[in-house]
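Just below is one structure, and these are the notes that go with it.
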Number of protein chains: 2
Amino acid sequence: MTATPVADDAASAACCATCAAPALAEAAAREAARLLKAIADPNRLRLLSIVKHGPADGTCVCDLTEPLQLGQPTVSHHLKILVDSGLLAREKRGTWAYYTLVPGSLDKAAALITEL
Amino acid sequence: MTATPVADDAASAACCATCAAPALAEAAAREAARLLKAIADPNRLRLLSIVKHGPADGTCVCDLTEPLQLGQPTVSHHLKILVDSGLLAREKRGTWAYYTLVPGSLDKAAALITEL
DNA sequence: AGGCAATATTGATGTTCATCGATATATGTT
DNA sequence: AACATATATCGATGAACATCAATATTGCCT
């Protein structure tokens, strides 16, 4: 346990007892992890990259299955995760669904890491 | 390293005919995902935060188990993941193990997201 | 030496997750 | 209307993972 912040030589002093800088709270950590988990997947990283470099009016699913070498249901599943976490936006035009990057969403996710 | 930014045969076909920017290659995506996966966990985010705001000479494990409300083996396991992925550095002084943030490692991880 | 405290490792367990095949839901076409 | 295409959803399966209890290792102290 060592519940004693006894100042031995200032070496063993715990950072938490008097430290004003608050560590990430549990709820905030869970929230941040949820977003980062959506990004931390090889195929979803590639999806984000392809959509980001793709045409401004969106990339359709049919153009995503081939580069990823994945089945259509799997790609659709990953896209849903990215949309649900606020990273991609989905717009249906006719039979096709076009995905675009939500502006600023990637920077916001990156800030969760740099501003820990 | 950064051997070949554009060398790809089966994957990362250009998202559109006019788009020359290459999508993230599979190997790079797997590598990036491995690092981001190490971060994308609520408890590991809190560990990084606590260590970052902790004393410059390191935070010992005994000061980490309590705020996380986790058993010592579990904390040790998470710390190992963070060390193996290059985010934390471990220095043993006597019986204690002190963990410090590897300088620049968080910014490098964040760059994997912003520079997709 | 023996004993104690801090940390790491091992083995097991329940959960989450990525992937797929099959099917459902549109939407356009003939 | 029936049909074809594009995408989404469902159910199942195997792998990855987080957590814990028990044990091993390391270093200090008497």
Side-chain angles (χ1 to χ4, degrees), chain A residues 1-6 8-9 11-12 14 26 29-30 32-48 50-51 57-85 88-100, chain B residues 11 26 29-30 32-48 50-51 57-85 88-100:
Chain A
M1 292 277 266
T2 70
T4 55
V6 198
D8 266 327
D9 256 352
S12 70
E26 191 210 335
R30 228 178 325 125
R34 248 191 38 207
L35 176 55
L36 293 174
K37 244 184 227 292
I39 305 180
D41 175 90
N43 290 314
R44 290 197 285 271
L45 280 171
R46 300 188 74 193
L47 285 175
L48 290 170
I50 295 175
V51 169
D57 56 338
T59 308
C60 77
V61 181
C62 58
D63 288 332
L64 293 171
T65 54
E66 183 217 343
L68 288 210
Q69 300 264 64
L70 286 178
Q72 174 267 320
T74 304
V75 172
S76 211
H77 168 245
H78 286 307
L79 288 170
K80 179 180 171 57
I81 291 177
L82 292 173
V83 169
D84 288 348
S85 54
L88 289 187
R90 176 181 179 272
E91 186 201 358
K92 196 156 190 191
R93 291 203 295 271
T95 314
W96 291 269
Y98 290 87
Y99 288 88
T100 53
Chain B
E26 191 210 337
R30 229 178 323 124
R34 248 192 37 207
L35 176 55
L36 292 174
K37 243 185 228 293
I39 305 180
D41 176 270
N43 290 315
R44 289 197 286 270
L45 280 171
R46 301 188 74 192
L47 285 176
L48 290 170
I50 294 175
V51 169
D57 55 340
T59 308
C60 76
V61 182
C62 58
D63 287 331
L64 293 170
T65 53
E66 183 216 343
L68 289 210
Q69 299 264 64
L70 287 179
Q72 173 266 320
T74 303
V75 171
S76 209
H77 168 245
H78 285 307
L79 288 170
K80 179 180 172 58
I81 291 177
L82 292 173
V83 168
D84 287 348
S85 53
L88 289 186
R90 175 181 178 273
E91 186 201 356
K92 196 154 189 193
R93 291 201 295 271
T95 313
W96 291 270
Y98 289 87
Y99 289 86
T100 53

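With dT19(D), dA6(C), dT19(C) as the choices, the nucleotide that has an atom nearest any side-chain atom of Thr95(B) turns out to be dA6(C). With distances taken from any side-chain atom of Lys92(B) to the nucleotides dA18(D), dT26(D), dC17(D), the minimum falls on dT26(D). Side-chain proximity of Val61(A) to dA8(C), dT7(D), dT9(D): nearest is dT7(D). The Gln72(B) side chain lies nearest to dT7(C) when the options are dT7(C), dA26(C), dA18(C). Distances were taken from every side-chain heavy atom of Leu70(B) (C-beta onward) to each of dC20(D), dT7(C), dA22(C); the shortest belongs to dC20(D). Out of dA18(D), dA22(C), dA18(C), the shortest distance to the side chain of His77(A) is found at dA18(C). In this structure, of dT9(C), dC17(C), dT7(D), it is dT7(D) that holds the atom nearest to the side chain of Arg90(A).
Across the interface with DNA chain C, nearest-nucleotide mapping of Gly94(A) and Cys60(B) shows Cys60(B) to be the residue nearer the 5′ end. Both Tyr98(A) and Lys37(A) lie near DNA chain D, and the one whose nearest nucleotide falls closer to the 5' end is Tyr98(A). Across the interface with DNA chain C, nearest-nucleotide mapping of Asn43(A) and Pro73(A) shows Asn43(A) to be the residue nearer the 5′ end.
Between the CZ atom of Arg44(A) and the P atom of dC17(C) there is a distance of 9 Å, rounded to whole Å. For Arg34(B) and dA16(D), the CZ to C1' distance is 14 Å, given to the nearest whole Å. Taking atom CD of Glu91(A) as the reference point, atom C1' of dT27(C) lies 15 Å away to the nearest angstrom. What separates CG of Asp84(A) from P of dA18(C) is a distance of 13 Å, to the nearest Å. One can place NZ of Lys80(A) at 17 Å from C1' of dT19(C), the figure rounded to the nearest angstrom. Regarding Leu47(A), its CG atom lies at a distance of 15 Å from the C1' atom of dT7(D), rounded to whole Å. For the pair Leu36(B) CG and dC17(D) P, the interatomic distance rounds to 14 Å; values are reported in whole Å. Separating the CD atom of Gln69(A) from the P atom of dC20(C) is a distance of 10 Å, rounded to the nearest angstrom.
Regarding contacts with the backbone of dA6(D), every side-chain N or O of Tyr99(A) stays at 4.0 angstrom or more from both OP1 and OP2. Between dT19(D) and His78(B), a contact under 4.0 Å exists linking OP1 or OP2 to a side-chain N or O. A sub-4.0 Å separation between OP1 or OP2 of dC20(D) and a side-chain N or O of Thr74(B) is present.
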For Asn43(A) and Glu26(B), run side-chain contact (heavy atoms from CB on, under 4.5 Å): C-alpha distance rounded to whole Å, both residues' side-chain angles, the deciding distance at 0.1 Å, then the answer. CA-CA 8 Å; Asn43(A) 290 314; Glu26(B) 191 210 337; over 6 Å; no
How far apart are the C-alpha atoms of Tyr99(A) and Val61(A), what are their side-chain angles, what is the distance that settles it, and do they pass the side-chain contact (heavy atoms from CB on, under 4.5 Å) test? CA-CA 8 Å; Tyr99(A) 288 88; Val61(A) 181; 3.6 Å; yes
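Shown here for Asp57(B) and Tyr98(B), the closest heavy-atom pair between the two residues is O-CB, 3.9 Å.
If you check every strand for non-hydrogen atoms under 4.0 Å, Arg93(A) touches nothing.
The CG atom of Leu35(A) lies 12.0 Å from the CG atom of Asp84(A); values are rounded to the nearest 0.5 Å. How far CZ of Arg30(A) is from CG of Leu45(B): 12.5 Å, rounded to the nearest 0.5 Å. Rounding to the nearest 0.5 Å gives a distance of 10.0 Å between CG of Leu79(B) and CZ of Arg44(B).
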